[in-house]
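Have a look at the structure below, then the notes.
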Amino acid sequence: MLAVYSQCKQYDFDEIELFWQKFWDKNKTFCVQEDFSKEKYYVLDMFPYPSGAGLHIGHPEGYTASDILTRYKHAKGYNVLHPMGWDAFGLPAEQHAIKTGINPAINTANNIEIFKKQMKRIGFAIDWDREVNTTDPGYFKWTQWIFLQLFKHGLAYVDESPVWWCEELKSVLANEEVIGGRSERGDFPVIRKNLCQWILRITRYADKLLEGLFDIDWPDSTKRQQTAWIGKSEGANIRFKIDGYDEEICVYTTRPDTIFGATFLVIAPEHPLVEKIVAQKFVNDVKKYVEDSRKKSDLERTDLAKTKTGVQTGAYAINPANGERIEIWIADYVLVSYGSGAIMAVPGHDKRDYDFALNYGIAITQVISDVSGNNQLPYVGDGILVNSGEFNGISSEKAREKIISWLHAAKRADFAQNYKLRDWLFSRQRYWGEPIPIIWIKESDYQMALSNDKFYFKEFLPKEPVSYNKGGVPYCALPLCLDHLPLTLPPTDNYLPSTDGESPLVKIKSWVNVYVNIETGQIVSAEDFNEKNASFPWVLGRRETNTMPQWAGSCWYYLRYLSPHCETNIVDPKAINYWQTPDFYIGGAEHAVLHLLYARFWHRFLFDIGAINTGKEPFRRLFHQGIILGEDGTKMSKSRGNVINPDEIVKHYGADALRLYEMFLGPLDMMKPWSTKGIEGVSRFLKKVWNGYVDKNGNIKSFQNSVSDTCRTVINETIRKVGNDIEELKFNTAISQMMICLNSVQKAGGFDGASARNFLKILAPFAPHISEELWARIGNNGSIYNTDWPEYDDSKMIPTSQKIIVQVNGKMRAELVVSDINNMQADAIFELAMHDGNVQKYIFDKKIVKKIYIRGKIVNFVVE
RNA sequence: GCUCGAGUGGUGAAAUUGGUAAACACGCCAGACUUAGGAUCUGGUGCCUAACGGCUUGAGGGUUCGAGUCCCUCCUCGAGCACCA
């Protein structure tokens, strides 16, 4: 095969880049198969949502970084997988559909095409044969299957729960789409609405998700965020007797050491005991207070700046530690959803209880003494117990355990843990999402089916049926089976949710109402069903009309890449045996909690049920690229007019320059402003590279027979540093080093043959197009992608002579050039240094009190 | 309020992890080539000073022969959490 390349005489990046992009496509240069003779390396990007706006300048940042790693690891001999796909369900496509009446699938496909074209124009080393799309039925078939597994294992259930509803958008919104009580899109008010929802029991994995963070290589801040989100705390449940009642109030506390200072109890307005224990005298006040707090939004209730309000119940509890009779209050600063919805209030050592006690004139007792002697209240730290009976003088830490044990012996307390993590609200009242593969049938039909030996749907049934009540009639959830999947979205031209917060699918009666044969599994639209046959084993059912959230598809896409066309399993066992989980995962920090927590949950679940045989954690090494700001240093936005379009940059400077510049901007994980002026620098560098190889007529220059020693040192140092910097993702300094190298080579009259080849090899991951072109022009066949990473020669890097810095009292006074430095003794160095003219100026009339020599680096004379 | 992270030239930044602060690049200044330069090349460019020299990594203190780097106090910016008992 003859070397092929573009025909341009000057550096025409457009011609060169298009030529090589076509070459890669045609030769499937980046397509990989399992190869058990080679070590694998799996590079994963967070796949994009293909928005109508196209690629923005932030996308190529992460993709270039992962691409450099891909090409580098491949050169180092790994079998590298670098796939790409589309997280394509989501609200914008649906809103586009509402506006235009065009099926979101069409809009989505168009957007994907644009994204893909843009990405190909930047020249990423992606195996496009493995492209996945979460909205493809062949993909979401398996998303639905995973849901059914969760259902089967009792991790999916239904509950009536409050969701955000935006009247203006006529849509339910996810928590993350609500900012400060208003919709993220359009800034409209949102309200809470109770709807019947699917919920996943992520809380059952709380401990595992917490422990899993321990030994994975993730940014600390992300680990901390997940830890905080899971919010595990240790303490005790303590039961307080209510004076005059049989009932008790159970409180959760992390500070049992302060129990002697508990001067009142507070229960949440929604607490079940509210109705039972309120004294006649307070009934009206309590009613009003409970009513008012129900009307308050979450935002108002949790506003810290507000003074705490509450109302007395007239009932009293007995403090089990000291037998004191203490008031029971109702206040909305206590949340019914955490712990037991009731607290023991210790105003001496809790800021909130302190504020409340001050407001209502309740006794404040100090029971912890600050060891530093500061005894201002409220003191919330640990200390030494006082006013605490037999526990006086004990430290907080010891007292916590002792007091729980003491109360436990009296059957008043138990050790307990709590989590802030809530179960995952999984259903969305939207059209553009994966349909939840469930049919609701009457409980009586479900029971009858269960007792039938030929019950077709047994495969995915949970131990306890999932049921809910509608208009007094109980319904049970009947899961579809694998052969019913994928359950696709029915076509419609009305994508608007109903005003009462139900999915637009509700309106598609022919899809919703079905008859199910519970013996054969046959499902027929009620419209097409002959009513004469409407008897057992045919039962009337109603399809679940909620869809899944956008997070569902992104929870497992990294597994699908391994065998995207596998029809029998979520992932081909042979493929996952080889590829396992990603070795490197890069994406924005905005997904620190949600996507990354949900995906870890699903991965662990799939591992637990034996669907995959990988490690327990999906992403062992994670990195977040920093946001690229506009030239004015603020976030890019249309309204500010500071948006940089990558297409424009590619047009003016080429893809190689874009890639190089985004990496040269600064450290990968930092937020940094774009500068179009700045890209000129790397653009010039590329031209210099070109001119180092090609003459004015487009012919390859003849290289030198050899390069100078200094030059060879720089070249070796560059090979070493670029490799190390890539491993550490320090691409900015790697590029600097290549610039230094090129500058000194050109000063010294140019490359020799070996260094000309090596330089292209190390440049190739960063600027693959120009590297391919020059590689071919200097006479090589095939892609530079398939060459090895150059070795560097240590012996060529140690200069024969070396500079030693001479300091006097820590200030630099001279430079010594010393040959044969390794064999020189410290005394000889001191001798040399002292006789330096400039050093003499500072020491001749002084007394040297100390001499320091750091081998090969520095001499310091301390004088006085 | 709490928890992290960050503050280095006119700008983006670098610094072998305690050893010459400002590499590399942008910008700017001067020069060369040019009909021309917003192309290219060469040189200069932290601050003060006429110079010798002195000063300099947000501010102040400390440890050290030596601090951008370690410790303490404070200031500013960014991120996350925010009545979770």
Side-chain angles (χ1 to χ4, degrees), chain A residues 219-229 231-233 235 251-256 258 262 266 268 301-306 308 331-335 337-346 349-353 355-356 380 418-422 589-590 592-593 624 626-627 631 633 660-661 664-667 669-685 687-688 691 717 721 724 730 732-743 803-815 848-863:
Chain A
D220 277 344
S221 65
T222 305
K223 285 192 190 183
R224 261 197 309 273
Q225 273 185 65
Q226 291 213 356
T227 306
W229 188 265
K232 184 177 182 171
S233 70
V251 305
Y252 174 72
T253 179
T254 56
R255 293 298 301 274
T258 64
V266 186
R301 276 186 63 165
T302 57
D303 187 357
L304 263 172
K306 273 222 161 101
K308 292 185 176 25
D332 64 6
Y333 79 90
V334 172
L335 309 174
S337 54
Y338 185 80
S340 54
I343 61 159
M344 63 176 211
V346 184
H349 304 284
D350 182 284
K351 181 82 173 66
R352 298 150 300 180
D353 300 342
D355 291 345
F356 191 82
V380 298
N418 253 303
Y419 300 87
K420 291 186 194 174
L421 184 70
R422 297 279 155 269
E590 67 274 17
V593 176
H624 300 305
I627 295 168
E631 299 209 59
L660 219 45
Y661 183 59
F664 188 63
L665 265 175
D669 56 349
M670 288 235 300
M671 199 184 260
K672 52 222 165 221
W674 176 270
S675 153
T676 298
K677 267 284 176 209
I679 198 172
E680 303 271 3
V682 295
S683 181
R684 267 172 222 158
F685 168 69
K687 281 178 210 158
K688 275 193 224 170
N691 293 331
E717 170 61 15
K721 183 159 171 61
N724 287 355
K730 288 156 77 175
N732 52 333
T733 49
I735 295 167
S736 294
Q737 184 62 38
M738 289 190 279
M739 289 172 168
I740 291 167
C741 180
L742 187 68
N743 287 345
K803 267 194 294 189
I804 291 184
I805 300 307
V806 184
Q807 298 181 332
V808 177
N809 283 350
K811 299 212 164 158
M812 207 269 274
R813 295 302 177 195
E815 254 177 47
I848 295 176
V849 288
K850 203 167 179 183
K851 296 185 275 192
I852 291 137
Y853 172 52
I854 307 295
R855 208 178 165 74
K857 279 181 184 162
I858 217 156
V859 168
N860 192 10
F861 295 115
V862 185
V863 300

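Chain naming here is simple, since letters A, B, ... match the order of the sequence lines and numbering starts at 1 in each.
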Looking at A:D350, A:V266, A:T253, which one forms a side chain to side chain contact (heavy atoms under 4.5 Å, CB included) with A:M344?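 Considering A:D350, A:V266, A:T253, a side chain to side chain contact (heavy atoms under 4.5 Å, CB included) with A:M344 is found only for A:T253.
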At 4.0 Å (heavy atoms only), tell me whether [X] reaches a base, stays on the sugar-phosphate, or touches nothing.
{"X": "A:S221", "value": "nothing"}
{"X": "A:D355", "value": "nothing"}
{"X": "A:N418", "value": "nothing"}
{"X": "A:Q807", "value": "base"}
{"X": "A:K851", "value": "nothing"}
{"X": "A:S233", "value": "sugar-phosphate"}
{"X": "A:K677", "value": "sugar-phosphate"}
{"X": "A:L665", "value": "sugar-phosphate"}
{"X": "A:I805", "value": "base"}
{"X": "A:T254", "value": "sugar-phosphate"}
{"X": "A:M739", "value": "sugar-phosphate"}
{"X": "A:Y419", "value": "nothing"}

Taking the six-membered ring of A:Y333, is the NZ or CZ of A:K308 close enough (under 6.0 Å from the centre) and on axis enough (within 45°)?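 Output yes; distance and angle both within limits.
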Among B:A13, B:C26, B:A15, find the nucleotide with the atom closest to the side chain of A:M670.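 Nearest to the side chain of A:M670 among the choices is B:A13.
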Whole-Å gap separating [atom2] ([N]) and [atom1] ([X]):
{"X": "A:D220", "N": "B:A6", "atom1": "CG", "atom2": "P", "answer": "11 Å"}
{"X": "A:D350", "N": "B:G1", "atom1": "CG", "atom2": "P", "answer": "18 Å"}
{"X": "A:R255", "N": "B:C83", "atom1": "CZ", "atom2": "P", "answer": "19 Å"}
{"X": "A:Y252", "N": "B:C83", "atom1": "OH", "atom2": "P", "answer": "17 Å"}
{"X": "A:K850", "N": "B:C65", "atom1": "NZ", "atom2": "C1'", "answer": "6 Å"}
{"X": "A:E717", "N": "B:C24", "atom1": "CD", "atom2": "C1'", "answer": "14 Å"}
{"X": "A:M671", "N": "B:A79", "atom1": "CE", "atom2": "P", "answer": "6 Å"}

Starting from the 5' end of RNA chain B, give me the residue, A:M344 or A:Y661, whose nearest nucleotide shows up first.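 Comparing both residues, the 5'-ward one is A:Y661.
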Nearest nucleotide by nearest heavy atom, which residue falls closer to the 5' end of RNA chain B, A:I852 or A:N743?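 Looking at RNA chain B, the more 5' nearest nucleotide goes with A:N743.
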What does [N] pair with, Watson-Crick or G-U, if both distances are under 3.5 Å?
{"N": "B:G68", "result": "none"}
{"N": "B:C28", "result": "B:G44"}
{"N": "B:A50", "result": "none"}

Where does B:U35 fall, syn or anti, if syn means a chi angle no more than 90° from 0?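 For B:U35, whose glycosidic angle is more than 90° from 0, the conformation is anti.
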Chi class for B:G9: syn within 90° of 0, otherwise anti: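 Chi for B:G9 falls in the syn range.
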Record whether the side chain of A:K308 comes under 3.5 Å of the base of B:C83 through a donor-acceptor pair of N or O atoms.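 It does, because a donor-acceptor pair links the side chain of A:K308 to the base of B:C83 below 3.5 Å.
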A:Y661 and A:T676: side chain donor to acceptor below 3.5 Å: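 Distance-only check fails for A:Y661 and A:T676.
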Phosphate contact (B:G19 OP1 or OP2) by A:N860 side-chain N/O below 4.0 Å: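 No, no such contact exists.
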Kindly say if A:K672 contacts the phosphate of B:G12, meaning a side-chain N or O under 4.0 Å from OP1 or OP2.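 Checking B:G12 against A:K672, no side-chain N or O comes under 4.0 Å of OP1 or OP2.
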Kindly compute the distance separating CZ (A:F861) from NZ (A:K851), expressed to the nearest 0.5 Å.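 Output value for this atom pair is 7.0 Å.
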Can you tell me, in whole Å, how much space there is between the C1' of B:G78 and that of B:G58?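 One C1' to the other, the span is 15 Å.
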Do A:K688 and A:N743 have side chains that approach each other closer than 4.5 Å (heavy atoms only, starting at C-beta)?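 Counting from C-beta outward, A:K688 and A:N743 do come under 4.5 Å.
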